[in-house]
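One structure is given here, and the rest of the page talks about it.
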Number of protein chains: 2
Amino acid sequence: MILDSETKAVELPEHHGDELRLWLRLLTCTTLIEGEVRSRLRERFDVTLPRFDLMAQLDKVPEGMTLSDVSKRMMVSNGNVTGLVERLVESGHLDRRTSEADRRVQVIRLTKAGRAEFRKMATEHELWIADIFGDLTPKDVRELMRLLAKTKASAQKSAKARTA
Amino acid sequence: MILDSETKAVELPEHHGDELRLWLRLLTCTTLIEGEVRSRLRERFDVTLPRFDLMAQLDKVPEGMTLSDVSKRMMVSNGNVTGLVERLVESGHLDRRTSEADRRVQVIRLTKAGRAEFRKMATEHELWIADIFGDLTPKDVRELMRLLAKTKASAQKSAKARTA
DNA sequence: CCAGATTTCTTTAAGTTTCAAGCAATTGGC
DNA sequence: GCCAATTGCTTGAAACTTAAAGAAATCTGG
């Protein structure tokens, strides 16, 4: 706080460059890794990253999920999921059926073939990630987890405040 | 290291779940913040995030950059930049001219109007970012910067090793 | 029961993105 | 000087993505 010549409170223009630089670095890291994973998925399995991500969501829930669930978990729009699922059903990776209880709802699951293919990819994917983060110590990993959790909470709070 | 019943070396399957969880959290954070910034840019200035990012690159270099430079800095494909620039020239934000020295090269710059509009957006954008990261202490910010720098280096090393 | 609100999903238009192929200009060896 | 390789950009096809609008089913408060 600073007082000017007439002794009124004056706010200095606040310094926010550090946060901006942090955001750019976070974005760079993610883009870099995402690009690397995308390349390897294409090269090794000829699959796109969005398809892999969708299958990863479904692998965690054998009984299946609704399109809305997928949309929320992947943080993408509903229409996006519709198209993605469309293509994965077409290629035989996914099974899609209308819910008995609520006929608006579509429940999707991995097919047997889809699950088998995903598991194969997931095994290698995990090794790639381990390699990409290979120079971080276990302590670095823990510390990053903690700070990113804090960041996520802060961002969610900010988003919520805006929407409210 | 473990020895099996016939005294041969056996590798335990290594534990890589922590790195995977870290990657997912990193991705979640970035997606969350990116979505928030995208919403605000559209709501407040009716501009898309890729356009803002491209203008941000150009604002740093008044004398202009080549399309390749932009492509590298933004970490997107050449073809992507071509289309993006096309639309921004169309809307009067960018000026594009063929280099005298090398007629393959296109040099793009912000127009006066483009720069004015970007500066207006950038001022608010910086406040949004500060708000989004608002719950982090200065120490958190420093620590994240450090760990993300290490992460970036590690990822680049891994990518380089694969390509080599 | 029923009208309005809500939820779930699809559709549409516009834009973004990648990859691969291709063209034009330049550079480097010989 | 000339030819091959490289570089810079564009194009085309397919996929991804969002926002917004719409259709269908369900829910809710009279």
Side-chain angles (χ1 to χ4, degrees), chain A residues 27 30-32 34-55 64-91 93-94 96-108 163, chain B residues 27 30-32 34-55 64-91 93-94 96-108 163:
Chain A
L27 191 54
T30 300
T31 305
L32 189 61
E34 210 172 63
E36 184 62 18
V37 171
R38 186 195 311 281
S39 290
R40 298 199 199 199
L41 280 174
R42 167 175 292 271
E43 197 173 276
R44 184 78 181 78
F45 299 111
D46 194 33
V47 74
T48 65
L49 185 51
R51 283 179 206 212
F52 178 82
D53 285 344
L54 178 39
M55 293 173 81
M65 309 170 61
T66 70
L67 296 205
S68 291
D69 287 341
V70 174
S71 167
K72 272 168 207 137
R73 284 194 189 232
M74 293 180 72
M75 295 193 284
V76 299
S77 66
N78 274 343
N80 189 351
V81 174
T82 295
L84 218 36
V85 166
E86 173 69 22
R87 289 182 289 270
L88 278 166
V89 169
E90 170 68 25
S91 63
H93 294 88
L94 260 53
R96 164 205 216 133
R97 61 178 55 180
T98 303
S99 163
E100 306 261 321
D102 183 340
R103 274 174 303 171
R104 289 170 304 179
V105 173
Q106 302 286 314
V107 178
I108 55 174
T163 309
Chain B
L27 191 53
T30 301
T31 304
L32 189 61
E34 210 172 64
E36 185 60 19
V37 171
R38 185 195 313 282
S39 289
R40 298 200 199 199
L41 279 175
R42 165 175 295 271
E43 197 173 275
R44 187 75 180 79
F45 299 110
D46 193 34
V47 73
T48 65
L49 185 51
R51 283 178 205 212
F52 178 81
D53 285 345
L54 177 39
M55 292 173 82
M65 309 170 62
T66 70
L67 297 204
S68 291
D69 287 340
V70 174
S71 166
K72 272 169 208 137
R73 285 192 188 232
M74 292 180 73
M75 295 192 283
V76 299
S77 67
N78 275 343
N80 189 351
V81 174
T82 295
L84 218 36
V85 167
E86 174 68 21
R87 289 182 289 271
L88 279 166
V89 168
E90 171 68 26
S91 63
H93 294 88
L94 261 53
R96 164 204 217 133
R97 61 177 57 180
T98 303
S99 163
E100 306 261 322
D102 183 340
R103 272 173 303 172
R104 289 169 305 180
V105 174
Q106 301 286 313
V107 178
I108 55 174
T163 309

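To find a chain, count down the sequence lines: A is the first, B the second, and so on, and within it residues start at 1.
- Of all non-hydrogen atoms in V107(A) and S99(A), the two that sit nearest each other are CG2-CB, 4.3 Å.
- At least one side-chain nitrogen or oxygen of S68(A) sits closer than 4.0 Å to the OP1 or OP2 atom of dC9(C).
- The CD-P distance, from E34(A) to dT16(C), rounds to 17 Å in whole Å.
- Contact record, S91(B) with H93(B): OG-ND1, 2.6 Å, taken as the closest heavy-atom pair.
- Regarding L49(B), its CG atom lies at a distance of 11 Å from the C1' atom of dT16(C), rounded to whole Å.
- Going from atom NZ of K72(A) over to atom C1' of dC9(C) covers 12 Å, rounded to whole Å.
- Nearest-nucleotide assignment on DNA chain C puts the 5′-proximal partner with D69(A), out of E100(B) and D69(A).
- Between R38(B) atom CZ and dA14(C) atom P there is a gap of 19 Å when expressed in whole angstrom units.
- Backbone-only contact: T66(A) has heavy atoms under 4.0 Å from sugar-phosphate atoms and none from a base.
- Residues M74(A) and L54(A) meet the side-chain proximity criterion, which asks for heavy atoms closer than 4.5 Å.
- Shortest non-hydrogen contact noted between R96(A) and I108(A) is CB-CG2, 3.9 Å.
- Dashed line: the shortest gap from a side-chain N or O of R87(B) to OP1 or OP2 of dT16(C) is under 4.0 Å.
- Atom P of nucleotide dT16(C) and atom CG of L54(B) are separated by 10 Å, given to the nearest angstrom.
- Between T48(A) and L41(A), every side-chain heavy-atom pair lies at or beyond the 4.5 Å cut-off.
- The side chain of R96(A) contributes an N or O atom lying less than 4.0 Å from OP1 or OP2 of dT10(C).
- Computed from coordinates, the R103(A) CZ to dC9(C) C1' distance equals 14 Å when rounded to whole Å.
- Within 6.0 Å of CD in E43(A) there are more than 12 heavy atoms belonging to other residues, nucleotides or ligands.
- In this structure, M74(A) places its CE atom 17 Å from C1' of dC9(C), rounding to the nearest Å.
- Side-chain atoms of Q106(A) and T98(A) include a donor-acceptor pair closer than 3.5 Å.
- You can see that DNA chain D meets the heavy atoms of chain B within a 4.0 Å-exclusive cut from dT7(D) to dA19(D), reading 5' to 3'.
- Contact check of residues 75-83 of chain A against DNA chain C (heavy atom, cut-off under 4.0 Å) returns N78(A), G79(A), T82(A).
- For the pair L67(A) CG and dT8(C) C1', the interatomic distance rounds to 8 Å; values are reported in whole Å.
- The heavy-atom pair separating S77(B) from S71(B) by the smallest distance is C-OG, 3.8 Å.
- Tested against V81(A), the residues T66(A), D69(A), L67(A) include a single side chain to side chain contact (heavy atoms under 4.5 Å, CB included) partner, L67(A).
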